[in-house]
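For reference, the structure discussed in these notes is given below.
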Amino acid sequence: MAEHLLTVRGLTKRFGSNTVLKDISFQVERGEVIVVIGPSGCGKSTLLRCINALEPIEGGEVLLENDVVNPGGKNLIELRQKIGMVFQSYDLFPHLTVLKNITLAPMKAQKRKKAEVEAEAMALLERVGLKDKAQSYPRELSGGQKQRVAIVRALCVHPELLLFDEVTAALDPEMVREVLDVMLNLAATGKTMIIVTHEMRFARAIADRVLFLDGGDIVEEAPPERFFTAPETERAKRFLETFEFKSVKARPATP
Amino acid sequence: MPDLGLEVLFKGQNMVRLLGGLGVALKISLIAVGVSIPLGILLGILMAGKNRVVKAILRVYLEIIRIMPQLVLLFIFFFGTTRIFGWDLSGELAAIIVFILWGTAEMSDLVRGALISIPKHQYESGEALGLSGRQIYFFIVVPQAVRQLIPLSINLVTRMIKTTSLILMIGVVEVLKVAQQIIEANRMVSPNAAFGVYLAVLVLYFIACWPISMLAGYLEKKWR
Amino acid sequence: MDLNTEVLTQYLPLYQKAAVLTVKIGYFGIVLAIVIGLFCALIQYHKIPVLRRIIAVYIEISRNTPLLIQLFFIYYALPKIGISTNAESCGVAGLAFLGGSYMAEVFRSGLEAIPPIQKESAYSLGLSPLKTMFHVILPQAVSISVPGFVANVIFLLKETSVFSAISLMDLMFTAKDLIGLHYNTIEALFLLVVFYLIILLPVSVLGSLLERRVRHAGFGS
């Protein structure tokens, strides 16, 4: 068995002449929670999409244990079952009930028994407080509820690694918490996760390690306490400052 | 290579006659479109309006015209009205009347659809800016509706041209009738004339419709 | 205008026979058109090289020429190069040739209306492309296509009215025949309208019911 669950080595991704990810390398251990932060357009989401082989890559490789994850690769379908992904826009299947959304992949892709899968789905729904919504359609749910269902849907495939792509970015503020709580819960049970987020305090609470991405590079890689209190690079400092507001209350009276 | 009967097309005035036949079809569709579009716009505005009685009457007209095949309408006018009212209606005139009735119905539905598709908040932001109802209509609603409408009404033209092929069935001498005459006249010398001549008719219709469809498609993409 | 009921009852069986023919050809033509349309739409959606070009040409020809001319070509011109059909199969083939392109456009725009992220979330759950198409994309695309599909079915049923031109004894043929033969114009036209309504109204009503159901199904998230 390989020592790392995920190995990203020399990953390079271009859109036309625009290089979005430049020679990215890092490893993820089992049970580790990685938070990827950085300014908009720094390639965070693209990185997750490449790990899940939703984008072809121009250089380097992504390994899950010893298997190469690659679009058009041989065991891609099996590998993707080991990598769960949750998107910003939830993307539940609108024509299926909540329960069917969750059981579709386990039953059709993994050929698991209906009774077993449904029992697991119901248990997971109960854990995220949505047991009574099993027979609802996605349009009947709030954004936060949809996102929790999307997380359950990914979990039910039994992935070894979970990717979260700005899962709270499209939510109303009061719904952010319910989704983050679910994720904190998962981290506490030892799930391996890579999380892209703009919620800095959440990042600090959940991360074992922070990757700061800027301009397609990993500019800084550090434990959260150190990164948020004493970032080493100028770019990380400047980025963290954009989340601070200076008070304007003390302005002089206008003439 | 088998005899495809293509030489018939280049004999004497045959090609010119075919084109003349197409000309009749095009003339009828252009007249019908020319009348249908303004009439349809008027009825469409009324259908998107508030008067329930007017709306109901127009709805019935639209549904009746729509549910019947155009050929049935042609029969009703060409055979039916002449019998009932005893007037004399040429095939061409019957065709023009039917195509105007049909085109107006289709156009009014397009206009109605375009008008009601403008989202409510467009009206509301107009009001919030202090525009009057009339100003909102002319500066906000109409320009957006027109963009949707132009490609659709261009498509109506091709539908009209294609439908004119039906007037053969009420005895108007158009392309297909001319084609039949040419084939008949040459059946001894070119037994395979049917292939060449009908192929030519197919191509002629295609040449008439395709550029118009392309234009509609182009505008639709550009204004989406 | 008075309708002569005696004439009506005398004509009725003729119209019934003709209506059966119209419905039969319409049914087979439309079923075939759906198959062709789905096939073309899938090829265009997946952008399969060469085939999609051929299909694009087919769609342009089919949509920019009248059914009547297509029928004349199939029925009178093709036999000259050795492809012969009887009138009924010609009717079915013509309707399928015309309808295939209309169905293809409706299905294709239904497929394209599904956001790509739906496919991606299915992939990331480990569903194969085929299963994703079957369980995730197609069911949604089909529902989106329903209004256009219903409109096409009605359009194609109406188009069957030109079949009399290739001497199929359909409703139009019967009506014209009776007008010419007995000069009972009003009765002949009355029955023509009634029979077309019998064929088209149920489809139209069923279609709007179907549309309403689809609109209220699990959509609009």
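Lettering of chains follows the sequences in order, A, B, ..., and the numbering in each one begins at 1.
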B/Ile76 versus chain C, heavy atoms under 4.5 Å apart: side chain, backbone, both or neither?
-> both
Could you name the residues of residues 59-72 of chain C that have a heavy atom within less than 4.5 Å of a heavy atom in chain B?
-> C/Glu60, C/Ile61, C/Arg63, C/Asn64, C/Thr65, C/Pro66, C/Leu68, C/Ile69, C/Gln70, C/Phe72
Please indicate whether C/Phe39 has more than 12 foreign heavy atoms, meaning atoms of other residues, nucleotides or ligands, lying under 6.0 Å from its CZ.
-> no
Using non-hydrogen atoms and a limit below 4.5 Å, what part of residues 42-49 of chain C faces chain B?
-> none
For chain C, the option from B/Leu199, B/Thr158, B/Ile161 that forms the most heavy-atom pairs under 4.5 Å | B/Leu199
B/Asp88 atom CG, neighbour heavy-atom count above 12 within 6.0 Å | no
Should the heavy atoms of other residues, nucleotides or ligands under 6.0 Å from CE of B/Met15 be counted, would the total exceed 12?
-> yes
Minimal non-hydrogen separation, B/Pro69 against C/Lys158, with atom names = CB-O, 3.6 Å
Among residues 170-179 of chain C, which residues come closer than 4.5 Å to chain B, judged by heavy atom distances?
-> C/Met172, C/Lys176, C/Ile179
Give a yes or no on whether C/Phe28 atom CZ has more than 12 heavy-atom contacts from other residues, nucleotides or ligands under 6.0 Å away.
-> no
Chain C contact via B/Leu168 - which portion, at a heavy-atom distance below 4.5 Å = side chain
Flag if over 12 foreign heavy atoms under 6.0 Å of OH, C/Tyr27 | no
How about B/Phe195 and C/Tyr76: are their ring centroids closer than 6.0 Å?
-> no
Over 12 foreign heavy atoms within 6.0 Å of NZ, B/Lys55 = yes
Positions in residues 193-201 of chain C that reach chain B, provided some heavy atom is under 4.5 Å away | C/Val193, C/Tyr196, C/Leu197, C/Leu200, C/Leu201
To the nearest 0.5 Å, atom CZ of B/Arg66 lies from atom OG of C/Ser204 at 10.0 Å
Rounded to the nearest 0.5 angstrom, the CG-CD distance for B/Leu166 and C/Glu159 is 7.0 Å
Quick one: of B/Ile67, B/Ile183, B/Ile207, who has the most non-hydrogen atom pairs under 4.5 Å with chain C?
-> B/Ile67
